[in-house]
There are 2 protein chains.
Amino acid sequence: MPGKPPASSSTRSVERALALLAAVCTGGTGPLVELARLVGLPVSTTLRLLRTLEQDQFVTRAEVGGYRPGPRMMQLGAQALSHEHLVPLSRPALNELVEATGESAYLSVTGPGATALYLAMAQGTHSVRHAGWVGRAFPLAGSAAGSVLLGRTPDKGWTSIASGIEPDVTAVAAPVTGPGGVAAALSIVGPTYRLDESAIGRFGPLLTHLAAGLGAQLGGDQLVHCSEKPERTEAMPTTDPAHPAEPRTMPREQR
Amino acid sequence: MPGKPPASSSTRSVERALALLAAVCTGGTGPLVELARLVGLPVSTTLRLLRTLEQDQFVTRAEVGGYRPGPRMMQLGAQALSHEHLVPLSRPALNELVEATGESAYLSVTGPGATALYLAMAQGTHSVRHAGWVGRAFPLAGSAAGSVLLGRTPDKGWTSIASGIEPDVTAVAAPVTGPGGVAAALSIVGPTYRLDESAIGRFGPLLTHLAAGLGAQLGGDQLVHCSEKPERTEAMPTTDPAHPAEPRTMPREQR
DNA sequence: AGAAAGTTTTCACTTGATGGAAACACCTTG
DNA sequence: CAAGGTGTTTCCATCAAGTGAAAACTTTCT
């Protein structure tokens, strides 16, 4: 996480607009006055800023329900995520974790502020399972994934936290180590009554193994030389727009 | 697409910042002067605006490579996409299309301006296949998906365009009709030498059938009453943060 | 070492952003 | 139906926030 830029070299109106954008995208959808209250701005200022966001389609406004995220946000968000090529790479590991453990599996990276962020997930197979979602932020402190993202992984290669941030939930996590250090965390999360010491002891090494496999694909493990990038899966963004895949003998046109 | 807000009720500095954000997210990653040239702003202005974006982690700046999308963009983008619950719903249909046709399959919605946007996709199984990606925008005009999104679906329920926007590529599309009309387009795209009249004639009705199934799940077909929402798949955003899924007997805490 | 290119800072200037208040529109209740 | 409450939009005097040219600084390349 690079140092913060100096606070004085900022632009207030942009800050305010970004705060509004964040509010709309994180569930604060609704009428104008509600958003103004949420963000703490005068209504006329809020309207003007939301108008600007709407003009460029970062938000849209419906007669019923008010403001919500616009197509531009989806486009740019998807393209930003596509820069994180870890997402498709993690798909097989996430699926395997669910198959082996039955619990919900997550790929997390460091998020805004002191948070971590789910970038990809696979739902557990049990009726009673942990329900997170892609894009969700959670505290680095006190979470298993947060711990490994902060570089606090014990020598055994994985860590677990029982009833940490929330009661009755246990998480097991292992770091995905890239060339620059810990790039992401691979974790499973489930109810504590299922993820007891015995289960944790079994799943921990599996997590470490799969995380290491992911890290190896990032070029993180110099002892294992990857001769070629693996084939992209069909999950989330398949091609990095900044570095499109080979045209595969045909022009890159779409319908 | 609602009417544009009045141009005079906008905020220039916000517009500029959003243009920079879009430039960074759509591949315009690089050093400061390059972004300034790209967007057509003075360097010092560009620096200040990018500093603001960086402060709130919409972009990050590396010593090598310059600016790129930040974690905030990924979080909000993912959450904005999660509002589009069509994405997970479309997963089975996309997979079935690939299985039946071997071609790349896409779910598209209306995007910014006169564009459409890939919201989800499944890659074709052939070595020579169409290569699009989630988040990619393409013109409504001249594309099969664009046609059906614009409401121009023939009575047969599907449409196709051969060598339209690009040579040697053919697309077949059918509309996903929701309560408010055409909500999305389901399409397959592949090389014209494979998608000839015969193949198109076979795949068109399949597309219409699957698109109708999707539309029915949106409550679009009032003749088919859905008694319950289908189970969410494990693809992209599984839970709408604004309307989280039932806690499934456990607190919604994450690691 | 010098030139070129990228980055950051400075500050006089002005205009763009602001927000309170009024006007307008819609909904609910007695 | 009228009054009250709430949400939305417009207006405009004000000033401070945003600007951008230029200088200073740093890094890279030949």
Side-chain angles (χ1 to χ4, degrees), chain A residues 1-24 27-70 180 242, chain B residues 1-25 27-70 242:
Chain A
M1 199 64 82
K4 280 198 165 200
S8 56
S9 61
S10 193
T11 307
R12 190 178 67 158
S13 52
V14 172
E15 286 175 15
R16 288 172 157 187
L18 294 176
L20 276 168
L21 180 58
V24 171
T29 51
L32 172 63
V33 286
E34 190 178 300
L35 284 168
R37 275 195 301 259
L38 206 63
V39 177
L41 291 176
V43 171
S44 57
T45 303
T46 305
L47 177 63
R48 196 188 309 107
L49 295 174
L50 281 169
R51 279 237 171 100
T52 308
L53 287 166
E54 189 186 355
Q55 194 174 88
D56 279 354
Q57 301 187 319
F58 282 85
V59 299
T60 68
R61 187 180 198 182
E63 297 202 354
V64 182
Y67 290 97
R68 58 185 176 81
Chain B
M1 198 61 84
K4 278 199 165 200
S8 56
S9 61
S10 192
T11 307
R12 189 178 69 157
S13 52
V14 173
E15 286 175 14
R16 289 174 157 187
L18 293 176
L20 276 168
L21 180 59
V24 171
C25 290
T29 52
L32 173 62
V33 287
E34 189 179 300
L35 284 169
R37 276 197 298 259
L38 207 64
V39 178
L41 291 176
V43 172
S44 55
T45 304
T46 306
L47 178 62
R48 194 188 309 106
L49 294 174
L50 281 169
R51 279 239 172 100
T52 307
L53 288 166
E54 187 185 358
Q55 192 175 90
D56 280 353
Q57 302 187 321
F58 282 85
V59 300
T60 69
R61 187 179 200 183
E63 298 203 354
V64 182
Y67 290 96
R68 57 185 177 79

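Letters go in sequence order (proteins before strands), and every chain restarts at 1. The model shown is predicted, which means the values in this text are computed figures rather than measured ones. No hydrogens, no waters, no symmetry mates; every other heavy atom, side chains included, goes into these values.
To the nearest angstrom, P of C:dG6 lies 12 Å from CZ of B:R61. Whole-Å rounding puts the A:Y67 OH to D:dT8 P distance at 8 Å. Between the CD atom of A:E54 and the P atom of D:dT8 there is a distance of 12 Å, given to the nearest Å. If you take CG of A:L50 and P of D:dT8, they are 10 Å apart, rounded to a whole angstrom. Atom CD in B:E34 sits about 20 Å away from atom P in D:dT27, given to the nearest Å. With rounding to whole Å, A:L32 atom CG is found 16 Å from C:dC26 atom P. Following rounding to the nearest Å, B:L47 (CG) and D:dA22 (P) show an atom-to-atom distance of 18 Å. Between A:R37 atom CZ and D:dG7 atom P there is a gap of 5 Å when expressed in whole angstrom units.
In this structure, B:V33 and B:R12 both approach DNA chain C, and ranking their closest nucleotides by distance from the 5' end singles out B:V33.
At a cut-off of 3.5 angstrom, the base of D:dA21 holds at least one donor-acceptor pair with the side chain of B:S44. Judged by atom type and distance alone, A:R48 reaches the base of C:dG19 through a side-chain donor-acceptor pair under 3.5 Å.
Considering all non-hydrogen atoms of both residues, A:S10 and B:R48 come closest at O-CD, 4.2 Å. Nearest heavy-atom pair across A:T52 and B:E15 is CG2-CG, 3.6 Å.
Using a 4.0 Å heavy-atom distance criterion, A:L41 is classed as making no nucleic acid contact. B:S13 comes within 4.0 angstrom of the backbone, heavy atoms only, and of no base. Looking at heavy-atom distances under 4.0 Å, A:T11 makes contact with sugar-phosphate atoms alone, never a base.
Residue A:T46 is tested with A:L41, A:V39, A:L38, A:V33 for a side chain to side chain contact (heavy atoms under 4.5 Å, CB included); the sole match is A:L41. The only option from A:L50, A:L53, A:L18 that meets the side chain to side chain contact (heavy atoms under 4.5 Å, CB included) definition with A:F58 turns out to be A:L53.
Here C:dT18 is the nucleotide among D:dG20, C:dT18, D:dT9 with the atom lying nearest to any side-chain atom of A:T45.
Side-chain contact annotation: B:S13 with A:T11, donor-acceptor N/O pair under 3.5 Å absent.
Contact between the side-chain N/O atoms of B:R16 and the OP1/OP2 oxygens of D:dG20 is found at a separation under 4.0 Å.
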